[in-house]
Amino acid sequence: MTDQGRLDRLTSMMRRRGIVLPSFEIYGGVSGLIDYGPVGARIKRRVVESWVDHWTSQGDVVEIDSPSITPKEVLVASGHVGEFNDHMSECRSCEGVFRSDHLIDEKHPNPDSLSGSEIDEVISGNDVTCPNCGENDWSPARPMNLMFPTTIGAMRSGREAYMRPETAQGMFMLYPSLFRHFKQKLPFGALQTGRGYRNEISPRQGMIRLREFNMAELEYFIDPEDPPVGDLSRWGSPVELLSDPEGEHPGIHNITFSDALNSGIVRHPTVAWFLARTWEFLVNVGIDSTKIRFRQHTGTEMAHYASDCWDCEIFGEYGWVECVGIANRTCHDLESHEEHSGTNLLRGWRQYPDPVLVKRDVLSPNGSVIGPIFKSKSSAVSEALSQLEGIPDEMPFELGLEDGTSVQITSEMVNRRNEEVNVHGEWFTPHVVEPAFGIDRIIWHIIDHAFDESGKEGEEYTILSLDESVTPYDISILPLFDKDGMDQIARSIASEINSIPGIRADLDTSRSIGRRYARADEIGVPWAITVDHSSLEDNTVTIRRRDDQMQIRVPIDVAIDSLRMGTLNGLF
RNA sequence: GCGGACAUGGUCUAGUGGUUAUGACAGCAGGUUCCCAACCUGCUAACCCGGGUUCAACUCCCGGUGUUCGCACCA
C-alpha cells in the first residue's frame, strides 16, 4: 500500500469527474455495485474494444455473446453448484462464522466432498473447537452459494437458474457451432466480454471486489497431444514470475517468457503464449510494465476446474491484485458437459497422418433368428454383440447384457465375419487454455498508473496520462473566447471531428483557457485544439500535447487529418 | 457475517438540542483577460434512511443502509 491520501484523492477525482461512482447512491448505495459515469463508460468501452481487437487479430479467435441467465444444469456440470458452494458453520458462543471445510481440514481427508449433515457429524464427532473462543457449540453447517439464484419463467413451472459466475460457460455451450465455424480444425478460440455475478460476502476495496462485474474471457481449444507453440522470441524483456513454491522451480524468476518455458517454469507451451500475449495487452493499454507479475497457483489454491493456473497480478493502491487468471482447464468442462447433457458433439477430430488398417473379427447378429427368440430383448442382444471385445472361441456362450442379465448365444444366432476397416483418425476431447480478465480491476489499475500528481511548476496539478487507445475523448476543442467567431470555428471543428468514426471530441467553452486545459488533463484527454484570434485570419489553430504541454500552430485541416491518421505526434 | 469508528452541497470539510447550518474548491451567469486552475460581482447546491426520546432532533437513543479498519471470506 502507498499513502492513503493518494487513494482518497484518486477515488474523489473519479467520482467528481464521472469515471466510477457508487451505484444507486440516492437510495443509499449497494456495496459491490458501481456505475461508470460519462467519462468512465468511454474508457471502459475502449478498454474492452482493445481487448477484443487484441485477441481476434490472431485470426483463430472469434467473439461470441451469450446470456447471463444460466440454467442450473449447466452450472451443475461445470461444478459451480457443487464446488462453488461453501458450507459455513457458526459458533453459538461467540457468533464467529467459519468455513466448515477449514474447521475439519485435519479431521477428514476430503472435507470438500461432504454434505452439510456429514460435515456436522465430523464436527460433533471430533471435538472441533472454535478458533476464536475455543468453545465447541456449533450451529448446523449452512450452504452458502456465491451465485445469485433466479428462476426462468413465472410461477411453479419455472426452471431453476443462476446468474452466471463466469462467461466461460457460454463458449463451452457454443462449442459445436465453433467447431463447425472453424471447419472442424483445432486449435481455435472464442471469447466474450460481459457481466459476471458473484454474491460476495463482504465486498471491499472499491471496484476491486464487485458483486456484478465486467469479465473478458477467452477459451482456446487445443489438441492436448499437439499443443500450439507460439513464437515467444517477440518478447525479449524479462518479466517477474513467481512460481509454485511447492513445484520444481520455487521462487521468483526474472526471466523472458521464452526462457521460462524452456526451463520448465511455465509447464505448458500454450499457457506460455497466453502469458506473453496477456502481458502485451496490459502494456498496450497503459499498465506500467514494472508493476506486472505472474504468480503460479499452488495445487491447493487452484480452482476446481484448473490443472495449472497463473495469476497476472498488477500493483497499485491496493497492493498486488489479481487481474487476469490464465488457466489450463484441460478437458474438464467439455467432458463434464458431454456427460451431463448426453451429447457427443463436444469433441475434436484428430486425423492420422496415414489411415490405419484395422482388422478384427466380429459376430454380426442374425436378426431373423435373434428376433423371434429374444423378442423385446433382441435389440439389446444385438447391441451387446457389437460391443463385444474378443470373440469367444466356442459356441454357445454367455453374453452379458447392459441391464445385467445374460443370455445364451448359439452359433445359429450369429455370423462370424472378418472385418477390415481403414481408420482415418479419432475423436478426442479438446483441452482448454483460458485467460480470464477482470476488466474493472484492469481499468482501476490503468487509471491508478496514469494518475500523475507530480504537479506543474511547483503547483498542485494532476494529469491522467492515459494511453491514447483508452482515453475518454481523443481531443478537446477550446475556443480561446466563446465569441467573436472563435466559437463558430470551434463548433465546426468539433462537429467535423465527431463525424470521424471512432474519434470523439469534447468542446469546452467555459471559463479560462488554463482551467479548461486542466480539466482536460485531469481526465486524460491527450490533445487540445485551441481556436484563437489568428484562427479567424488564417485558418490555423494551436495543438497542445497533454504530456508536456507543448504547443504548435498548424492549419485546421492539417490538425484534423493528423488526428484522423493518428499522426499528431509527428507534427511536434 | 462479527466487532469498532464514521456518515453535512458535485468534492473536501466546520459546527449546534431551538435564530438564515460554515468555509474552500468545483459548477452556473455576468464582467475582465490575447494560451495553462488569475481576478471581480452575483448565483445554484447539503445535515444517509426509518423509528424513538423531546415543546423542539442535523445534533441524543435504537434499527437499517453505506463507507472504513480489524477478524472471517475472496471459488
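Protein chains get the first letters and strands the later ones, always in sequence-line order, with residue 1 at the start of each. When reading the values below, keep in mind they use all heavy atoms of this one structure, side chains included, and skip hydrogens, waters and symmetry mates. None of these values were measured; they are calculated from a predicted model.
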From CD of Glu25(A) across to C1' of A46(B) the rounded distance in Å is 13 Å
Exercise for review: Mark yes or no for a side-chain to base donor-acceptor pair under 3.5 Å between Asp532(A) and C34(B), with no hydrogen or angle criteria applied.
Suggested key: no
Here the distance between atom C1' of C39(B) and atom CZ of Arg515(A), to the nearest Å, is 11 Å
Worksheet item: So, are Glu73(A) and Arg159(A) salt-bridged, with charged N and O less than 4.0 Å apart?
Response: yes
Discussion item. Give me the distance, rounded to whole Å, that separates G9(B) from C25(B) when you measure between the C1' atoms they each carry.
Written reply: 12 Å
- Query: Taking the six-membered ring where the residue is Trp, are the ring centres of Trp320(A) and Phe294(A) under 6.0 Å apart?
  - Reply: no
Query raised in the report: Ring centres of Phe148(A) and Tyr162(A) under 6.0 Å apart?
Result: no
message = When the P atoms of A14(B) and C60(B) are compared, how many Å lie between them, rounded to an integer?
response = 15 Å
- Task: Check the angle between the aromatic planes of Phe274(A) and Trp55(A) and answer parallel, tilted or perpendicular using the 30° and 60° thresholds.
- Result: tilted
Report task. Can you tell me, in whole Å, how much space there is between the P of U41(B) and that of C49(B)? Result -> 35 Å
Mate of A24(B) across any strand shown (Watson-Crick or G-U wobble, both atom pairs under 3.5 Å) is U11(B)
Salt-bridge present (Arg516(A), Asp506(A); N to O < 4.0 Å): no
Exercise. Using a heavy-atom cut-off of under 4.0 Å over every strand shown, decide if Thr530(A) touches base, sugar-phosphate, or nothing.
Key: base
Mate of U53(B) across any strand shown (Watson-Crick or G-U wobble, both atom pairs under 3.5 Å) is none
Scanning all shown strands, the Watson-Crick or wobble mate of G70(B) with both distances under 3.5 Å is C2(B)
note: Lys483(A), atom NZ; G31(B), atom P; distance rounded to Å ~ 7 Å
Between Gly514(A) and Ile26(A), the residue closer to the 5' end of RNA chain B by nearest nucleotide is Gly514(A)
task = Go through the N and O atoms of the side chain of Tyr517(A) and the base of C35(B), and report whether any donor-acceptor pair is under 3.5 Å.
result = yes
Of C34(B), C28(B), A37(B), the nucleotide closest to the side chain of Ser510(A) is C28(B)
message = Between the base of C36(B) and the side chain of Arg544(A), is one N or O donor paired with an acceptor at under 3.5 angstrom?
response = yes
- Query: Quick one: does NZ or CZ of Arg293(A) land under 6.0 Å from the six-membered ring centre of Phe315(A), within 45 degrees of the ring axis?
  - Reply: no
Output field: ring centroids Phe481(A)/His533(A) closer than 6.0 Å
yes
Walking RNA chain B from its 5' end, the first of Arg441(A) and Ser31(A) to be reached, judged by nearest nucleotide, is Ser31(A)
request  = Provide the distance between the two C1' atoms, one in U20(B) and one in A45(B), to the nearest whole Å.
outcome  = 16 Å
Q) Considering only the P atoms, how many Å lie between G23(B) and G64(B), rounded to the nearest integer? A) 36 Å
The Watson-Crick or G-U wobble partner of C39(B), with both key distances under 3.5 Å, is G31(B)
Considering only heavy side-chain atoms of Arg209(A), the closest of C28(B), C73(B), A37(B) is C73(B)
Taken to the nearest whole Å, CD/Glu460(A) to C1'/A38(B) is 17 Å
Here the distance between atom P of C35(B) and atom CZ of Arg546(A), to the nearest Å, is 24 Å
Taking G10(B) as the reference, what is the distance to C48(B) when you measure between their P atoms (whole Å, please)? 12 Å
Between CG of Asp508(A) and P of C28(B) the distance, given in whole Å, is 8 Å
* Cation-pi check, Arg164(A) to Tyr197(A): give yes when NZ or CZ is under 6.0 Å from the six-membered ring centre and within 45° of the ring axis, no otherwise. => no
- prompt: Is any side-chain N or O of Arg516(A) closer than 4.0 Å to OP1 or OP2 of C35(B)?
  reply: no
*asked:* Under 4.0 Å from OP1 or OP2 of G10(B): is there any side-chain N or O of Arg16(A) that close?
replied: no
Base, sugar-phosphate or nothing for Gln551(A)? Non-hydrogen atoms, less than 4.0 Å.
base
Look at all strands and tell whether Phe481(A) reaches a base, only sugar-phosphate, or nothing, counting heavy atoms closer than 4.0 Å.
base
Separation of C12(B) atom C1' from Met14(A) atom CE, nearest Å, is 18 Å
A46(B) -> Watson-Crick or G-U wobble partner, both distances under 3.5 Å, gives none
Does Gln549(A) contact C36(B) through a side-chain donor or acceptor facing the base, at a distance under 3.5 Å?
no
**Study point:** Nearest-angstrom distance, P atom, U67(B) to C34(B)
**Key:** 49 Å
Can you check the distance between U8(B) and A38(B), where both ends of the measurement are the P atom (answer in whole Å)?
28 Å
Out of C12(B), C28(B), A37(B), minimum distance to the side chain of Arg511(A) belongs to C28(B)
Between Ser512(A) and A37(B), is there a contact of a side-chain N or O with OP1 or OP2 at under 4.0 Å?
no
Ile208(A) CD1 to C73(B) P, in whole Å, measures 20 Å
Presence of donor-acceptor pair under 3.5 Å, side chain of Thr542(A) and base of C35(B)
yes
